[in-house]
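What follows is a short report on a single structure.
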Amino acid sequence: MLIYILKRIIMIIPVLIGLSLLLFVISRLLPGDPVGLAAGPRATLEQIEALRVEFGLDKSLPVQYFNYIAGLLSGDWGASLITRRPVLDDLRIYLPATLELVVFSMTLSVIIGVPLGILSAVRPGGRLDVVVRIASLASLSMPRFFLGLMLQLFFAMLLAWFPLGGRFPFIVFPPPNVTGFMTIDSLVAGDIQAFGLSLKHLALPSIAMALSPMATILQLTRASTIETLNQDYVKTARAMGLSQRLILFKYVLKNSLSATLTMTALFVGWALSGTVLVETIFDWPGIGLYATHSVISQDFMPILGVSIVIGLIFIIINLIADLLYGMLNPKVQYK
Amino acid sequence: MKLNRRNVLLGSTALALGSMIAPAFAQNNQVFVLASVNDMVHFDPHIGSDIQTTFLMRNVYDALVSVESNPPVIKPRLATEWTTSDDGLTYTFKLDASAKFHDGTPVTSADVKYSFERLARIGRGNSWMVAGIVGPDGIDTPDDHTVVFTLMTPFAAFIQLLPWLVVVNSALVEANIGDDDGQTFLRAGVAGSGPFELARFEPGSQFLFQRVADDWHKGGGNLSAIVYKVTRESATQRLMIERGEAHFATNLGLTDVKAIDGKPGVDLVIERDFTTFLMRMNPKHGPLADVNMRKALSYALDYDAMKDVGGYHGMLSGPLPEGIFGFNPDQEVYRKDMAKAREHLAMSSNPEGGVTIVMTYTDTSELQRQCALILADSLRELNIELDIRPTRWADLVEMVKTPETSPDIASINQGASYADPDNMSYAAYHSSRNGQWQNPNYENLAVDNLIQEGRAQLDTDTRLAIYSEFQRLVVEDAPDLFGFNYSQMFAMRDNVSGYEFCPVGSASIDCFPLSIN
Amino acid sequence: MSAKLYAVTSAPNSIWRQNFKRALYRFRTAPLAVPALIVVMLLLFAAAFGPLVAPFENDIYGAVDTGSRFMAPSLEHWFGTNDLGQDVLSLVLGGARITLVAAFIVVCMGALIGTLLGACAGYFGGFIDSIIMRSTDLMLILPSLILAMVIGAALGAGLNNLILALVVSWWPSYCRLVRGEVLSKKEELYIVATRALGARDSRIILKHILPNVSQVLIVRMSMDIGNAILMIAALSFIGIGVKPPTPEWGLLLSLARTNLPDVWWTAAFPGIAIFLAVFSFSIVGDALRSALDPKSTRF
């Protein structure tokens with residue numbers, strides 16, 4: 001088991017190298033002149049050249065890549081051309097915001113998706129089942145940005161129940177930073193008001209984010225529940241007169257959950273990049289917004305940094321999901 | 001420079017109330033919330049010239065003089081008085097002896113000299129303003145409170161430049177000089193003497209500026225702090241104003257201005273300023289190198305449709321904005337006339353049309369996109385196709401470096417850096433600026449000479465005649481489709497008093513005189 | 001099962017007809033499949049003839065009428081007018097062609113590249129397999145939206161560039177799918193027999209393996225069209241997409257954003273169009289799957 005984990009961790013390195021190489025090549029092929037932009041409209045050619053040297057962009061591509069990798073390993077992820085702030089510092093600010101949004105929306109989608117999935121599996125083809133299935137297909141078809149805009153239009157602009165965007169009102173003091181999650185930090189500080197405020201800010205973007213993973217989790221739970229319900233041991237249990245509720249909770253839930261868990265983990269990776277659109281709409285100060293701004297200003301170090309972080313989280317989550325899957329499902333063996 | 005929670009609480013009673021909901025907080029205390037689309041990425045007044053840096057120049061730093069009111073008037077700031085020699089080459093300034101930086105050190109003539117030298121050394125921001133005018137040995141400091149500038153050449157607009165060349169605390173910058181002249185230091189802190197100082201900030205979203213305790217400036221309003229909130233959407237800015245979550249919004253779109261008009265508690269500020277929108281044609285390469293083609297386009301454009309989408313914006317009648325010194329209100333300019341458009345097209349090298357013209361617009365500008373589509377629709381009548389390309393600013397800056405890579409038409413907004421026609425004429429029409437976004441390709445020797453004469457001439461009447469002739473010549477050349485003479489559209493809560501519009505640097509508002517009642 | 005299907009091509013027509021009838025029945029009984037199919041037909045009709053039936057055809061090509069800006073939905077303008085006085089209904093109709101054609105190209109190109117690479121990886125195995133599958137894994141780890149954003153930003157605005165950016169991030173999932181199918185097919189008896197008869201690799205892949213994978217592919221592609229529509233709209237929405245005056249739905253929606261909440265119609269109708277298109281394509285795809293493969297549980 002330990003060896004398996006170690007092996008998997010070591011496998012991350014070549015993947016990261018591949019990932020960074022791919023992105024590096026793409027980002028360096030961008031036309032336009034980000035350095036010229038960063039230097040300002042009235043910069044002379046000498047100043048632009050100086051900036052190029054400062055950022056090491058005068059060197060050949062392989063050298064630049066080597067420097068980048070060396071920096072990556074030693075904790076220097078480069079700096080933004082525009083703001084000149086180190087990418088790692090920026091990520092430290094933006095990543096917790098995105099993670100909070102992702103964790104919150106994934107929790108939301110599991111809490112709603114799993115029970116609905118089980119409910120609709122109890123009587124496949126029943127009225128509830130058909131309604132739930134169509135609703136879930138509809139949720140999958142809803143463009144996240146359209147949903148976000150409409151939520152913002154109704155609940156923030158017209159009804160004013162929720163703030164338009166952002167993470168926390170600025171003029172209120174945020175709770176001291178412990179975890180980077182506003183909600184947890186305000187609970188740690190015992191500040192109920194701050195907790196309420198951060199929940200209010202989280203609500204709309206999380207709903208916009210949660211809808212389509214919720215639908216998929218629902219579908220998966222439904223499928224695996226139907227499968228489990230048809231297993232012989234469940235049939236036996238039922239024949240022995242065990243109540244439906246007991247069967248569902250004791251036998252079915254556990255089996256269905258293991259499949260759902262794996263999928264949920266996969267979704268975290270997906271959700272990390274899916275935040276791009278939602279963060280743009282709700283002005284959520286996370287890595288998605290950071291990436292969008294960087295793409296638009298051709299600021300490639302932040303783009304590289306964001307992609308690598310997302311890739312890394314994706315790999316780690318997958319590893320954890322695999323391990324958890326094994327714990328829930330003793331048939332799995334690690335090789 | 002970042003203060004911890006405790007320090008801020010001690011420093012400002014306004015902020016001691018902690019977790020109250022935002023609107024009430026903003027109303028019951030003199031914390032002024034400003035919504036702006038422009039993110040601040042540094043606090044260094046010598047490396048930027050954009051709206052946000054200009055905001056810092058006005059509120060956090062001080063210059064020798066300041067510019068206020070409409071039409072703009074130069075007022076004393078660090079300098080209490082000044083004299084000019086008859087040949088226009090020597091300027092002598094007396095500094096206010098009570099002026100001091102945020103850390104308490106007095107502002108001396110050495111700081112002024114240091115700041116001009118630092119600006120020139122870094123060579124960014126507004127350094128271009130004094131390049132070729134104030135030389136390396138151009139500043140003398142006979143005593144702590146006297147600064148003498150000796151110009152390399154007479155420059156009529158010199159005093160107009162000074163509000164934008166601000167003074168930094170030389171001791172503080174020197175102490176944190178690093179290897180980049182203190183630029184790193186000024187990315188997280190300030191070194192000024194202005195009425196506000198930086199308290200804390202979240203990069204990319206919000207900045208808190210506090211009123212300096214026992215500030216040396218006399219007068220001013222009752223603000224205890226400014227929250228500068230980066231708000232990217234016009235609709236958001238508008239709702240913040242409507243709900244009292246912000247006191248001032250600087251980037252409202254036309255729809256939002258109309259929607260907010262007449263709402264209780266909201267005042268609108270709609271004023272013409274010196275910013276212009278030009279669709280700059282490429283007179284050196286491509287189909288528009290032909291002056292008749294340029295005139296055909298100039299006559300074909302549906303200016304009335306532009307007026308419809310422009311709302312409160314006025315239409316330019318030549319290269320200079322309305323209200324600036326030297327503007328000629330009688331200048332004839334192109335208006336839609338299809339007969340004349342066809343006439344000029346017939347005289348061009350493509351008498352039947354049948355060409356495709358590439359036009360770029362800045363991809364973030366709604367209005368520029370609308371104008372491009374209007375032009376495309378107008379040109380269809382001439383059998384000319386417009387290939388509209390949304391372009392990132394970075395790409396445009398790169399494209400305009402040579403005539404061959406420049407688009408046939410580039411949509412460009414020109415801001416006014418100082419209140420003098422020299423600004424617009426030199427930056428946008430002098431051939432020495434070719435290859436820069438402000439003037440990619442226009443070159444006319446006669447115009448160059450007029451511009452040079454205009455900046456060196458000290459006599460007001462002669463200058464008026466020069467700029468009148470300049471406008472006539474440029475319109476005759478038709479290098480641009482003259483678009484908007486922009487209006488600023490601000491919204492303000494009606495409990496804010498003391499605000500006065502100033503058409504130069506107008507989006508960077510001066511918070512010092514403001515009060516919240 | 002599909003292998004047998006091909007083995008009996010000489011059998012009487014009636015079996016085919018019976019199979020088809022069964023599939024049709026299963027399709028019809030899938031929930032909402034018929035209305036969804038009608039919507040898909042309407043969309044295809046709009047894509048083909050949209051400009052002809054549009055009330056203001058010229059608006060699709062960029063005609064402006066600034067005198068009638070921001071008019072609310074009325075009998076003359078069913079969906080209202082936008083910031084340039086263009087008829088939103090006409091723009092949405094005109095946009096159907098752009099969005100659908102682009103989505104079809106993205107899915108087909110993605111499937112083509114993915115299938116070829118996946119087939120090679122699965123068939124040849126060994127070194128080729130490793131190379132192809134490692135790069136596929138890499139592409140799958142990289143968030144496709146961010147990848148498409150970076151490529152799209154690099155290439156600049158334009159429909160072709162948008163399609164290219166999406167194709168690049170689209171093929172890996174097909175590659176993995178086809179490889180899995182090929183791996184399971186290549187050990188089947190008829191393939192082994194063909195190989196023993198001395199058929200060339202390319203012939204075995206193209207003539208024998210791929211046709212047997214096609215059913216899985218078609219179902220997957222029909223369900224993927226919706227995703228492609230979403231991605232195209234998403235990229236246009238964040239400003240990496242087509243050039244004006246092209247009335248792409250995502251672009252229409254993103255342009256309408258500045259005018260919310262007062263002018264809701266310029267945002268609502270393109271948004272609903274995107275939703276309806278994606279929704280009906282995924283329902284049809286889902287119904288198609290249950291029609292073609294009776295064993296599968298629905299979804």
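Here is how names work: the chains are called A, B, and so on, in the same order as the sequence lines, proteins then strands, and each is numbered from 1. These values consider heavy atoms only, across backbone and side chains, with no hydrogens, waters or symmetry-generated copies.
Using a 4.0 Å cut-off between charged side-chain N and carboxylate O, Glu245(B) and Lys229(B) make no salt bridge.
In this pair, Phe209(B) and Phe43(B) present their aromatic rings perpendicular. The plane angle is above 60°, beyond the 30 to 60° band.
Contacts between Tyr94(A) and chain B at a heavy-atom distance below 4.5 Å involve the side chain alone, from C-beta outward. Of the two parts of Ala160(A), the backbone and the side chain both hold a non-hydrogen atom closer than 4.5 Å to a non-hydrogen atom of chain B. Contact annotation for Arg167(A): neither backbone nor side-chain heavy atoms come within less than 4.5 Å of a heavy atom of chain B.
Contact record, Ile287(A) with Thr98(A): N-OG1, 2.7 Å, taken as the closest heavy-atom pair.
Shown here is Lys263(B), whose NZ atom has more than 12 heavy atoms of other residues, nucleotides or ligands within 6.0 Å.
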